[in-house]
Amino acid sequence: MAVAAVGLLTPGFLTQISIFSILTAAAFTGCVAIGMTFITLGGNVVSFSLGVTLSATTIIFTASLPFGLFAAIFAALAFSAAVMAAQGWLVGYLGANPIIVSLAALSIITGAGTWITGGQGVYPTGSGGEILSGTIGYLPVPVMVCVGLMLVGQLIVTRTSFGRRLIMVGSNRKAAEIVGARPASTTVGAYLLSGVATGVAAILISARYRSGDFELGNGYDYAAISALLVGGNAIQGGAGSPLRAVVGALGIATIQSLLVLWGLSTQLQYLVVGVAVLLAIVLQAAGER
Amino acid sequence: GPEGKRIALFIGPTQDKFLGGITRGVTDAAAAKGMKVTVFSSPFDPTLQAQQIDDAVAQKFDMLILQPISQKAVVPPLTRAKAANIPVVLVVVPLTDASSQDLYLSYAGYDDRALGSLAGETMAKQLTDAGHKEANVVIVAGSMDEGKAPIRQKAFVAALESHPGFKVVATEDTKWNPVTAETMAGQLLARFASKGIAGIYGMNDTLANASIQAIVAAGLKPGTKPGNIIVVGGNCQGVGIENIKNGKMAATLFDNPVDEGKLAVDKAADYFNGAKLDKAYYLTPAEPITSANVAAFEKPCTY
Amino acid sequence: MLQLDRVSKSFGAVLALSEVSLSFEPGIVHAICGENGAGKSTLVKILSGQFAATAGSILYQGSPVAIPSSRAAQQFGISVVAQELSVCPDLSVYDNIWLGSVETPFFHKRSTLRARARKVLSQLGQSDLSLDTPVRSLSLGHRQLIEIARALVRNAHTLILDEPTATLSDGEIGLLFKAIESARAEGCAVVYISHRLNEIYALCSTTTVLRNGRLAYTGPTSALSREDLIRHMLGRPSSEMFPPLGKTGREAALTIGRLNVPERIRDFSARVAAGEIMCIAGQIGSGAIDVIEAIAGRAYDASGEVEVGGKRLALGSVERSLGAGVILVSGDRATDGIFLNLSVLDNLVAANLSGLSRGGMLRQAELVKFARASGQKVGIDVDRLKARAWQFSGGNQQKLAFGRLVGCKGIRVLVMNEPTRGIDVGARADIYGLMRSFCDEGYAILATSTDVEEVVGISDSVVTMYRGEVVGRYRRGEADSARIVRDITHPSPEGNGLLS
Amino acid sequence: MDARLSGVLKSRDARPYLVAVPILLAVLAIDHGQGRVLTLSSAFSVLQQFATIGPTALALGLTMIAREFDLSVAGMTNFAGCVAVLCGVQDPLLGILAAGCMGLVVGAAQGFLTIALRLSSVAATLGGLLTLAGAGYVITGNATVGYPRMDVALMVNSPVLAIFSLRSIFALTTFVAAALILAYTRIGRDLIATGSDPQAARVAGVRAGLMVVGVFAVSGFLAATGGALVSYSIAAASPAALTNTLIPAVAAAIIGGVSLSGGRGTPLGIAGGVLLLSMLRTGMSAVGIPPFAQDLGTGIVLFAVALADAEHLRMRFYELQRIGRKRPA
Ligand SMILES: Nc1ncnc2c1ncn2[C@@H]1O[C@H](COP(=O)(O)OP(=O)(O)OP(=O)(O)O)[C@@H](O)[C@H]1O
Ligand SMILES: Nc1ncnc2c1ncn2[C@@H]1O[C@H](COP(=O)(O)OP(=O)(O)OP(=O)(O)O)[C@@H](O)[C@H]1O
Ligand SMILES: [Mg+2]
Ligand SMILES: [Mg+2]
């Protein structure tokens, strides 16, 4: 609310340019944050491997563009879903520590990726990615896709039996097992969905910036965690939603943009964002009591 | 002679295509000359790099080829390397402090001051060609805390502002991230909507491409014609070449990391052959890449 | 002498205690009774510094005192066994006994303190329990004993025990009573809370009854008949506690043959017919709970021939057990019973999601209808479907755990462990009624309990266990409390028991 | 005797040390008798790594033992480095002192926020992390700051007794102190109790809130002094992540037996986790394994640790065995 009010008073904020660039930036983080929400909601804290999965997926997408857009999208989503689902299997079926598993995946994907690409860039050949970076009507495609993903995610969490099971597992794993919520396969499902959401972000980013690159996913883990927490999802699991995650991402992007509009120096921008996130978290905690 | 010499290469994350290119340049050229390279890579972590240098010094390598991840933080370990009489060749960025000049033998690579200047001059020329007498330009920069970006920024500003009427009105630090770059560019366009922005300098083609995205999203036109926003990039990358070909980007500058790696190894070999090295060997493009000459650069720019 | 003078406590609109005046005299064991939610624990928490009273005062030797924290209560000489188990699993027995004590010095491992801890433990019959054992490896009952030891070791002038026996079995209860008696004899004022009326009569000379936060009765226990006591608690005369036995079917719903769990159970076998309630009685460590856990699929190393409805069940997976129609109702509500953070509705539909969804999508209207129906069946306020489960009292929480079984497809066997742990007489009768009504619908129930009265009252058949082996089997009418207590405390001469 | 030995081998503290053995053997095998591994200089190198990651891992590990999670250590090391470098030009001790006090105060403030508002500490310290990072940018003006005292820089890293340095001695000291406090004092016991079950600890009379504030203060202090020494050693401080310590610190703490659900873990175990990671890094680069293979190796070791620790693994093995047994019948 406060952010919106300040925004209205800032010249330039209400322009189409400004709003679209906020929305676009929030869309990428939003997708990853939606993915992170599934992991957190199911009681597996956070994953540090979403960013690197995103990077690897941009390469898969770019490399398979010559086979056509749909093939590339399919390959990218299948890859990121598989990478995350494998981690979900270790966590869900074997009870491995989710954080260590994600760090292991981070290392292995980085190593394998460097090995396979030989540190060489991957360039899109042929076209097809353009429609993903354009606009439909007025809205940029990434924004529409992110909103769509959020709606689907929200639907899954609130309206499907899988979503209900996921919340049960995150809230009390043992009790969930007793009533037949199948914690192991539910966990795999949650990781798989997080992989899909991350894959969507990867496709949008690599289509928009026309490259597949191991640096593209840098920083998304922290950005997603921040969005999650600012949106008010419970880090211990069992409560939260994709909607909240996206609202968090949007809030952070808005603050960042306002600071550029005010012409604050880079260093002050960082400080103010930090303080704003802290305030958002504190105010929210105070509000919930 | 260089045969059998052991070289330690210190570099940032090798999955980065620019740094991966340097790594390939160094390892291939060294193999051709019979030298053996061990790669020490770190995720842009100067403390780890300092430690790796110390380890390499303890292992008595014959030569260190080094990308200083932090120009300041390499000073203590390079002091120890000097004490152990191990020669150092720098790549990517030289050490600028006067006090650290005796810590390395030579710098081999691109001259970022020249690149920044050339970018500034190119921008000025493009602006003039498009009929601007006065123009506001913004810089979408890489990491400004140290390294290439601040050098390029300073040189660019100096070159551009030597043309009266042209001014750099803002520089935003994007940490080389395209998504940040697009947001920053978008906000800058909004902030200076009333004054108008005539040109954007994206420090590499990825950042320049992100700026172009922002321009398009804002309903404006990137290009070289009057009324278009002029974008100049750098580090010629595939997407830059493509953008020049389809007229969205005015220019970029040639900058090939594989060449840079080769140059460093050549100088190392010269040193082992007994030659006395200069303080710096610069690779600098003579002219910008524009629509006029883009065809020649398509191949070397996809490293 | 510790006195409460017109103490009130409200939580928002809820008045938990209203103008309660009481005195606790040295050398007297004083019982406090009341339904779930009557305000007993609230009173304890006020005396132990966890809550501040909204009005009224606490007097010691006639002068008012303030008790702002549990530390202050301790310094003042009040020591408490809280209702919710409060031992730390990651500390040793020794550390738990001295945890939070104002007496512990900075370097806390002292031989004098060890000696005192050991003495209290042996008073409670645990002389062979090593002080350095991590509490994580101990059973619920042992943990409760350690918490009691913590209260005893502090040498308080007022000792408060809030449902200390809910997880203990009779042998240990006897020892606890001895320990309480010796504290009393030394001039300690004891406040004792329990839902087990037998204990009140056995131990306490004064009884106070709370109803809806108000004092309903206070006076000598001897002047109070059982019926009067229940009438004071419920505000109405007691109905029959145990429902009449029903008709049990003939075909076996569950047969267990040669069930083994390494180091826990040896060769357990039993046969439960549809409509039958079978109770396994045994002390902590007897293996009774392990039978339940194994049948529910929670013991991965269990082996044996188990058949449900004539079909073979492979043990070791909760999913398989559920698939075969076996579902667990746990007495440990917080850890594996219900979802405390979720709503009543979510809890009631939890076990039946697949029945309430089509193609993976939940049918919202059905959900609410289903939850209302099951809530009604088990007696939960159906206007509070949106409330969170943690806002409900223990008794109502346990009803939730039952409620979600109503209308669940494919369930044949309910296995339960301590189905009425910590539940008041009123709610308890409801739960027994529910158990019987499930049986009437053809379910079979296999339950464990450490409460012998309950075992005798509800079961169609009883199996007694000692140290992993079956001691005796009784049909309807054959079992009586005395024989069961003898079985579960003294092994028969020929069976030495698995763990002896 | 046998029972005690197997007890030690099974304890969570021992695990990192046990995992370290096969890694050492593997590295030795790759070295192929060229003597690049078992040297004084590689021992020195391992301890230097230990000095870099150790204090942060200990800081984070202690908060995890208290069932909290101090995400801010990542920003704390950096910011403290900036503070130390800016304040310590005249007197290096003054710089360390300033950094330490800052860490103590900021840590305590985060602990207080967590307790007073009943926030999840991950959320509170995320705010702390971003704010500290921003503060670092502000005090350095978004530029790497050099530390002009080259004498100090060389001193903190110069070998003492061949394999130690001032920095690693500091790190080892903090571990020894923490281990002693946790094992032998009431504070240690109360800390474990708080992490094990905060409500129970409170009911028993432990000042659980104070313990949380205290552990965050200590965490801030450790991360800050560790970060200050790192900055001295490279004679520079930068607001952009100077050292990537968070991820190795989390990994070290968990490998060392600290549990996310609190109450478990010891400084000895955490030290083992840090040593394991340091050995892995030093060992692999000593024998010249290329970077991508180092990443793969690290990942495989982490997977192995995650599996060895997996709760349900034994159960799954049992099932496999069972299926195996059934087939012939
Ligand atoms: N933390 C709380 N917040 C709000 N209300 C509470 C809280 N704790 C207790 N209450 C209220 O206090 C009343 C008395 O609760 P209390 O725990 O004292 O009951 P009790 O007699 O101990 O019941 P039981 O036999 O189930 O232990 C409850 O009805 C409830 O309304
Ligand atoms: N935090 C709370 N907020 C609102 N109401 C509460 C709260 N805690 C308890 N209550 C109310 O208090 C009543 C009794 O709760 P209480 O916690 O005393 O039961 P309990 O102690 O868990 O039961 P038992 O002791 O039998 O296991 C319930 O009706 C519930 O609605
Ligand atoms: Mg109570
Ligand atoms: Mg209660």
Side-chain angles (χ1 to χ4, degrees), chain B residues 6 8-15 19-20 23 27 36-61 68-80 83 95-97 99-100 103 141 143-147 149-150 171 173 175, chain D residues 36 39-42 44-46 48-49 51-53 77 81 85 136-137 140-148 150 152-159 165 227 230-245 247-248 278 281-282 285-295:
Chain B
R6 291 162 63 237
L9 169 67
F10 302 88
I11 195 113
T14 50
Q15 64 267 29
L19 303 179
T23 310
T27 34
K36 198 172 169 309
V37 178
T38 304
V39 183
F40 293 84
S41 148
S42 82
F44 292 121
D45 181 340
T47 312
L48 180 58
Q49 186 176 65
Q51 167 108 46
Q52 289 171 331
I53 298 173
D54 285 343
D55 290 353
V57 169
Q59 292 176 31
K60 303 203 172 59
F61 276 88
I69 284 175
S70 159
Q71 288 149 290
K72 300 227 155 66
V74 288
V75 172
L78 285 192
T79 310
R80 288 185 281 269
L95 298 185
T96 39
D97 288 352
S99 60
S100 30
L103 292 179
S143 297
M144 287 294 288
D145 56 334
E146 62 178 319
T171 302
D173 184 342
K175 305 253 171 277
Chain D
R36 290 174 294 186
T39 60
L40 284 182
S41 69
S42 48
F44 176 76
S45 167
V46 168
Q48 287 295 96
Q49 296 265 6
T52 305
I53 311 170
T77 45
V85 161
Y137 280 101
T140 58
N142 190 18
T144 302
V145 191
Y147 183 52
M150 201 48 65
V152 178
L154 297 179
M155 184 182 69
V156 293
N157 267 0
S158 62
S165 70
V230 165
S231 274
Y232 279 180
S233 80
I234 55 176
S238 155
L242 192 61
T243 37
N244 303 318
T245 46
I247 283 184
S278 312
R281 259 185 193 172
T282 302
S285 62
V287 296
I289 295 179
F292 75 85
Q294 294 196 20
D295 283 331

| message | For B:Thr79, which atoms come within 4.5 Å of any heavy atom of chain D: side chain, backbone, both, or neither? | response | side chain

| Based on non-hydrogen pairs under 4.5 Å, which of D:Pro290, D:Gly288, D:Ala286 is most in contact with chain B? | D:Ala286

| query | Is the closest side-chain donor-acceptor distance between B:Gln71 and D:Thr144 under 3.5 Å? | reply | no

| request: Could I get the full list of side chain to side chain donor-acceptor pair (under 3.5 Å) partners for D:Ser41, not counting sequence neighbours? | output: D:Thr39

| query | Among D:Gln294, D:Arg36, D:Arg281, which residue forms the greatest number of heavy-atom pairs with chain B at distances under 4.5 Å? | reply | D:Arg281

| message | Nearest 0.5 Å, please: how far is CG in B:Asp54 from CG in D:Asn157? | response | 6.5 Å

| Looking at CG of B:Leu48 and CD1 of D:Ile53, how far apart are the two atoms once the value is rounded to the nearest 0.5 Å? | 8.5 Å

| said: Is the shortest side-chain heavy-atom distance between D:Ile234 and B:Lys72 below 4.5 Å? | reply: no

| task | Under 4.5 Å, counting heavy-atom pairs only, tell me which of D:Ser42, D:Ser285, D:Ala153, D:Ser158 racks up the most with chain B. | result | D:Ser285

| field | Part of B:Ser41 lying under 4.5 Å from any heavy atom of chain D | value | both

| task | Take D:Ser45 and B:Gln51, measure what side chain to side chain donor-acceptor pair (under 3.5 Å) needs, and give me the verdict at the end. | result | CA-CA 7 Å; D:Ser45 167; B:Gln51 167 108 46; 3.2 Å; yes

| task | State the CD1-OG distance between B:Ile69 and D:Ser238, to the nearest 0.5 angstrom. | result | 11.5 Å

| Region of B:Asp97 in contact with chain D, defined by heavy-atom distances below 4.5 Å | neither

| message | Which heavy atom of B:Ala73 sits nearest to which heavy atom of D:Ala236, and what is that distance? | response | N-CB, 3.8 Å

| query | Above 12 or not: heavy atoms from other molecules or residues under 6.0 Å from NZ of B:Lys175? | reply | yes

| field | Contact check, side chains of D:Gln48 and B:Asp55, non-hydrogen atoms, under 4.5 Å | value | no

